[in-house]
Number of protein chains: 4
Amino acid sequence: MSEIGHNSDGAVQGDQIKSFIERIERLEEEKRETATDIKEVYAEAKSNGYDVKILRKIVARRRRDADEVAEEEAIFDLYLQSIGMLD
Amino acid sequence: MSEIGHNSDGAVQGDQIKSFIERIERLEEEKRETATDIKEVYAEAKSNGYDVKILRKIVARRRRDADEVAEEEAIFDLYLQSIGMLD
Amino acid sequence: MSEIGHNSDGAVQGDQIKSFIERIERLEEEKRETATDIKEVYAEAKSNGYDVKILRKIVARRRRDADEVAEEEAIFDLYLQSIGMLD
Amino acid sequence: MSEIGHNSDGAVQGDQIKSFIERIERLEEEKRETATDIKEVYAEAKSNGYDVKILRKIVARRRRDADEVAEEEAIFDLYLQSIGMLD
DNA sequence: GCGCATTGATGGCTGC
DNA sequence: GCAGCCATCAATGCGC
């Protein structure tokens with residue numbers, strides 16, 4: 001006995017899309033705030049005499065290393081799959 | 001009575017840079033997670049029959065509108081300042 | 001004794017932008033063709049019994065390694081600069 | 001009188017995959033160079049007073065238009081085929 | 001048809 | 001302060 005204009009969770013259709021948009025906007029706001037926080041940490045490091053550019057390089061480097069490990073695992077799994085050792 | 005090799009919060013210099021890097025990495029991780037959350041909301045919207053591309057356009061549009069409002073307020077404040085109504 | 005509406009290489013202004021666009025379009029076409037060539041090599045490798053997905057991983061991996069070397073040099077130069085050994 | 005471990009063009013198996021990879025890498029290098037050329041043309045256009053962003057839009061627009069033409073021709077051919085006018 | 005990989009576009013940061 | 005550079009993000013295209 002469903003009611004036209006309402007979906008399973010009780011929200012009317014117009015509200016559902018509104019809800020999605022608001023959730024996204026809330027998350028985007030959160031992301032922006034985190035980005036701001038990061039900038040502030042760099043600024044603080046700079047005021048402590050550290051070279052921001054180098055700091056960025058270090059962080060980027062470590063991130064790539066971490067990605068590399070994940071990538072290694074992915075390619076390793078691929079090899080295993082290709083010889084039928086992984087399914 | 002400060003001690004060479006230690007900064008005000010008690011951490012040795014080597015630890016200080018380490019601390020900055022770790023704070024940044026923690027925040028970057030947080031940012032990535034939020035980005036993932038956003039993607040998931042879009043995916044959920046899609047599975048509810050919404051067109052993701054259009055949804056993105058709506059969100060982007062609203063973001064631009066919000067920016068314009070902020071911009072207008074900033075300009076408005078500038079006017080107020082220029083006539084000495086805001087300090 | 002320059003002539004209005006003509007630039008140094010003798011083309012009228014309207015033709016100049018046309019010329020830029022055509023050069024770009026020619027280059028883009030070239031790029032597309034090269035991309036097609038790459039695809040064909042992968043297809044050929046596949047028909048020789050190689051796993052394309054793994055092949056792609058290998059190529060990507062080698063590319064990243066090469067990038068890594070360049071990046072190493074860049075960060076090394078940065079360090080040198082930061083201690084005034086490079087100007 | 002073929003020899004095991006060698007394929008038709010005389011290369012041993014290990015060399016064959018190496019050959020594929022090198023061909024791909026050579027082509028990728030070519031592609032990167034063309035991409036660089038494109039950037040340079042944009043830069044040149046910019047130094048001639050053109051707005052790169054707008055220029056990009058024009059090129060993209062024309063690319064899309066060309067695609068549509070190709071698409072229409074393809075559909076047109078399909079129609080011709082369906083009525084037996086093209087085989 | 002979907003997910004992934006690439007590519008194009010935009011915005012922010014850094015260095016003149 | 002702006003221009004060039006880089007990093008991120010959206011969009012398209014491709015292969016499965």
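Per chain, numbering begins at 1; letters A, B, ... match sequence-line order.
One finds a salt bridge joining C:E68 and A:R61 here, because a Lys/Arg side-chain nitrogen approaches an Asp/Glu carboxylate oxygen to under 4.0 Å. Between C:E29 and C:R32 there is a salt bridge, since a side-chain N of the basic residue sits under 4.0 Å from a carboxylate O of the acidic one. Here A:R63 does not pair with A:D67 in a salt bridge; the nearest charged N to carboxylate O distance is not below 4.0 Å.
Counting to the nearest Å, the P atom of E:dA5 and the CD1 atom of A:I75 are 12 Å from each other. A straight line from CD of C:E71 to C1' of F:dC5 spans 13 Å, rounded to a whole angstrom. Distance, C:E25 CD to E:dG8 C1': 16 Å, rounded to whole Å. Across the protein-nucleic acid pair, A:L78 atom CG and E:dA5 atom C1' stand 14 Å apart, rounded to whole Å. Atom pair A:L55:CG and E:dC13:P shows a separation of 15 Å (rounding to whole Å applied).
A:Y79 is listed as a side-chain neighbour of A:I75, based on a closest heavy-atom distance under 4.5 Å. Using a 4.5 Å cut-off on side-chain heavy atoms (C-beta onward), B:Y50 and B:I58 make no contact.
Shown here are the salt bridge (charged side-chain N to carboxylate O under 4.0 Å, His left out) partners of C:E22, two or more places apart in sequence or in another chain: C:K18.
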Query raised in the report: Which letters describe nucleotides 9-16 of chain F, given B = protein heavy atom under 4.0 Å from base, S = only from sugar-phosphate, - = neither?
Result: SSSSSSSS

